[in-house]
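First comes the structure, then the notes that go with it.
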Amino acid sequence: MKLPKEPNIPAQINIVPLLDVVFSLLTFFVISTLFLTNSEGLPVNLPKANTGQQSQTSEKITVTINSQGEVSLNRQPTTFDALTEKIRTLVGSNQNVLVVINADEKANMGLAVSVMDKVRKVPGTRLAIATQRQ
């Protein structure tokens, strides 16, 4: 008995499932990056700067000065006089801590400079000022 010959069908790759996977991954990454905003300090209106850079340090302490002149350390209200001791306690023995100053653009510049002086009194800290990109 002779079997009928099957027609030669060329091999094909169905890419529809591949497109579904690619679009699913794209959707996942777009949605997940929307939640990657870094809010370390209290919400203040930061001054704008063209040359601002994002910090890459893992150990950070945030000092926030709002427009009324109130000082906060890592989102906790504090007094100006206790700032040096609280930063010294947070730094401990670590010698590579970045202290970021989030000062509102309407805050008193004299207060911001005084806060920077208090931060510089703590050994092992580096100082940075937070800005917004224009």
Side-chain angles (χ1 to χ4, degrees):
M1 175 168 160
K2 195 171 187 180
L3 295 174
K5 189 174 178 186
E6 293 184 18
N8 286 341
I9 300 173
Q12 296 179 353
I13 297 175
N14 189 359
I15 63 167
V16 173
L18 177 65
L19 291 175
D20 291 342
V21 170
V22 169
F23 285 129
S24 298
L25 288 173
L26 179 66
T27 304
F28 170 76
F29 286 117
V30 167
I31 291 174
S32 64
T33 56
L34 293 176
F35 297 106
L36 291 178
T37 58
N38 237 355
S39 176
E40 290 139 2
L42 297 172
V44 292
N45 294 325
L46 296 175
K48 294 177 178 31
N50 288 329
T51 58
Q53 294 179 346
Q54 182 125 10
S55 168
Q56 299 297 321
T57 318
S58 60
E59 189 78 28
K60 270 197 248 187
I61 297 173
T62 304
V63 178
T64 305
I65 306 168
N66 66 11
S67 59
Q68 288 82 28
E70 298 166 348
V71 180
S72 300
L73 180 66
N74 287 343
R75 294 181 166 240
Q76 301 297 320
T78 186
T79 61
F80 176 74
D81 298 326
L83 190 61
T84 305
E85 279 306 313
K86 287 187 176 185
I87 291 174
R88 188 172 285 133
T89 303
L90 288 173
V91 169
S93 62
N94 192 350
Q95 294 298 310
N96 193 18
V97 176
L98 180 66
V99 178
V100 179
I101 307 241
N102 286 335
D104 192 288
E105 63 184 350
K106 294 181 179 153
N108 184 351
M109 186 56 81
L111 177 62
V113 171
S114 298
V115 167
M116 286 186 247
D117 284 339
K118 287 213 175 248
V119 170
R120 282 193 209 114
K121 290 180 182 177
V122 179
T125 58
R126 295 179 298 137
L127 188 62
I129 299 173
T131 60
Q132 267 183 346
R133 288 219 161 193
Q134 285 186 336

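Values reported hereafter were calculated over all heavy atoms of this structure, with side chains retained and with hydrogens, waters and symmetry mates removed. Values in this document were obtained by computation on a predicted structure and should not be read as measured data.
Side-chain contact check for Val122 versus Val97: every heavy-atom pair is 4.5 Å or farther apart. Side-chain atoms of Arg126 and Asn96, non-hydrogen and from C-beta on, do get closer than 4.5 Å to each other. Between Ile87 and Lys121 the shortest side-chain heavy-atom distance does not fall below 4.5 Å.
Asp104 and Ser67 get closest at one heavy-atom pair: CB-N, 3.7 Å. The two residues Ala128 and Leu98 come nearest to each other via the heavy atoms CB-CD1, 3.8 Å. Across Ala103 and Ala112, no two heavy atoms sit closer than the pair CB-CB, 4.5 Å. Across all their heavy atoms, Asn74 and Lys60 have their closest contact at OD1-O, 4.5 Å. Taking both residues in full, the closest heavy atoms of Ala130 and Asn102 are given as CB-OD1, 2.6 Å, listed atom of the first, atom of the second, then distance. Here the closest non-hydrogen pair linking Ala107 and Asn66 is CB-O, 3.6 Å.
Expressed to the nearest 0.5 Å, how far CG of Leu111 lies from CD of Glu70 amounts to 10.5 Å. The CD atom of Glu105 lies 13.5 Å from the CD1 atom of Ile65; values are rounded to the nearest 0.5 Å. With rounding to the nearest 0.5 angstrom, the CG atom of Leu127 is 5.0 Å from the CD1 atom of Ile101. We find the CG-CG distance between Leu25 and Asp20 to be 11.0 Å, quoted to the nearest 0.5 Å. Annotation: the span from Ile61 atom CD1 to Thr89 atom OG1 amounts to 9.5 Å, rounded to 0.5 Å. Atom OG1 of Thr62 and atom CD of Gln76 lie 12.0 Å apart (nearest 0.5 Å).
Heavy-atom neighbours of Ile15 CD1 from other residues, nucleotides or ligands within 6.0 Å: at or below the threshold of 12.
Note on Ile13 and Leu19: same hydrophobic cluster, where clusters join Ile, Leu, Val, Met, Phe, Trp and Tyr whose side-chain heavy atoms are under 4.5 Å apart, directly or indirectly. Phe29 is not connected to Val22 by any chain of hydrophobic side-chain contacts under 4.5 Å among Ile, Leu, Val, Met, Phe, Trp and Tyr, and they are in different clusters.
For residues 77-86, the set of pairs meeting the side-chain hydrogen bond (donor to acceptor under 3.5 Å, both in side chains) definition, not counting sequence neighbours, comprises Thr78-Lys86, Glu85-Arg88.
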